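Data block below; observations after.
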Amino acid sequence: MKRICAIPGDGIGRELIPQAVRVLGIVVPDIPVFQCEMGLRAYEETGFFLPDETLECIKQADAVLFGAITSPPKDTENYRSPLLFIRKEFQMYANVRPIKRILPDGPEINAVIIRENTEGLYSGIEHVEGKKGDRRFVTERILSDRGIERIIRFALNYAKINNRKEIVLGHKANVLRKSDAAFREMFYEIAEGSGLELSDMYIDALAHDIVRYPEKFDVILTLNMYGDIVSDVAAAVGGGLGLAPSANIGEKKALFEPVHGSAPDIAGKGIANPTAVLLSTAMLLDYIGRKKEGNLLETAIRSAIAEGHGTKDMGGRENTMEFTDRVIEMMKQGIP
Ligand code: ATP
């Protein structure tokens with residue numbers, strides 16, 4: 001039996017995850033959803049950013065639905081991002097961010113960004129040499145054959161099962177002539193004969209083209225930091241952060257979360273856009289083998305928006321709860 005772990009976290013995560021849990025209760029009432037805590041609020045209440053019982057809940061679950069975390073003040077002792085820890089601990093090496101046109105007047109885009117999630121410049125391994133005024137800041141950026149190969153194979157498999165036709169690789173092999181060059185070389189070696197159209201671009205040119213020609217992209221495969229930046233650019237092209245879902249996928253477990261953060265400026269007002277978290281929920285349903293229900297949810301979100309419903313950031317008039325109500329109504333129409 002499948003299990004879902006739902007973690008609201010901080011800020012608007014606390015308003016959005018309960019809406020997603022409400023939707024799950026309707027669309028997959030047979031699947032148990034366990035709620036637990038993580039983040040700054042958990043730290044303030046328990047002294048831990050990632051309490052043991054939350055880690056246990058994640059271990060027991062097949063998939064995790066997560067809201068957002070507010071970064072703690074700079075002087076917080078021994079802070080380690082719980083999300084980075086989870087990605088590493090459960091080897092969630094593939095970050096998947098689909099960007100599809102969802103607003104009726106938005107640009108034509110139907111792309112997916114696949115980003116290596118465990119290596120590269122986000123290692124957090126840094127040190128400072130020398131004294132202030134004459135310092136050198138050194139960050140380790142590690143890529144490995146194993147890490148490169150598994151993300152390339154993941155992208156190929158993703159493209160195959162999702163009926164995608166093209167993969168473009170984003171890199172900077174003109175500057176990073178060993179690491180990124182190896183990434184590019186291995187991409188062509190491994191992907192040859194896949195039947196997919198393969199190409200590669202410098203990541204800066206790729207970012208430019210996502211803005212200028214969003215319609216030309218299918219699957220974009222890239223490394224950790226490039227993917228982080230380019231997917232926010234693509235999210236903006238696709239209509240904004242409130243609309244963009246994501247998944248962190250590992251060998252045995254996956255975590256689904258909206259691309260946006262905890263948005264402290266609007267937290268507690270009940271006006272946050274639930275679209276990104278609900279689309280993330282649809283991806284989760286697909287992952288746990290409930291594709292039909294995932295499609296039903298995504299179609300309901302799209303239909304609600306097409307009928308003019310939406311939150312303020314989308315130009316609509318509804319609050320978080322009211323918009324979710326509309327999505328649920330649409331969903332119920334599609335439930336036999
Ligand atoms: P954090 O520090 O947690 O990353 P942030 O405010 O720096 O928070 P985001 O949470 O990504 O970064 O928000 C960036 C902007 O986008 C904010 O102005 C926020 O209000 C807006 N925003 C983000 N998510 C949503 C949403 N779901 N609905 C409406 N507006 C949103």
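Both ligands and their constituent atoms are indexed starting at 1 by order of listing. The structure presented is a predicted model; accordingly, all values stated were derived computationally and were not measured.
Partners of Pro72 by side chain to side chain contact (heavy atoms under 4.5 Å, CB included), not counting sequence neighbours, listed by chain and number: Leu40, Phe49, Thr76, Tyr79.
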* Asked: Can you check side chain to side chain donor-acceptor pair (under 3.5 Å) on Arg101 and Asn110, steps first, answer last?
  -> CA-CA 6 Å; Arg101 185 171 86 148; Asn110 182 7; over 6 Å; no

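No more than 12 heavy-atom neighbours from other residues, nucleotides or ligands sit within 6.0 angstrom of NZ on Lys312. Enclosure of atom CD in Glu322 by more than 12 non-hydrogen atoms of other residues, nucleotides or ligands within 6.0 angstrom is indicated.
Side-chain rings of Tyr226 and His171 stay apart, their centers remaining 6.0 Å or farther from each other.
Between atom OG of residue Ser144 and atom CD of residue Glu119 there is a gap of 3.5 Å, rounded to the nearest 0.5 Å.
Annotation: ligand 1 has protein neighbours Ile12, Ile69, Leu241, Gly242, His260, Gly261, Ser262, Ala263, Pro264, Asp265, Ile266, Ala272, Asn273, Asp313, each with a heavy atom less than 4.0 angstrom from the ligand.
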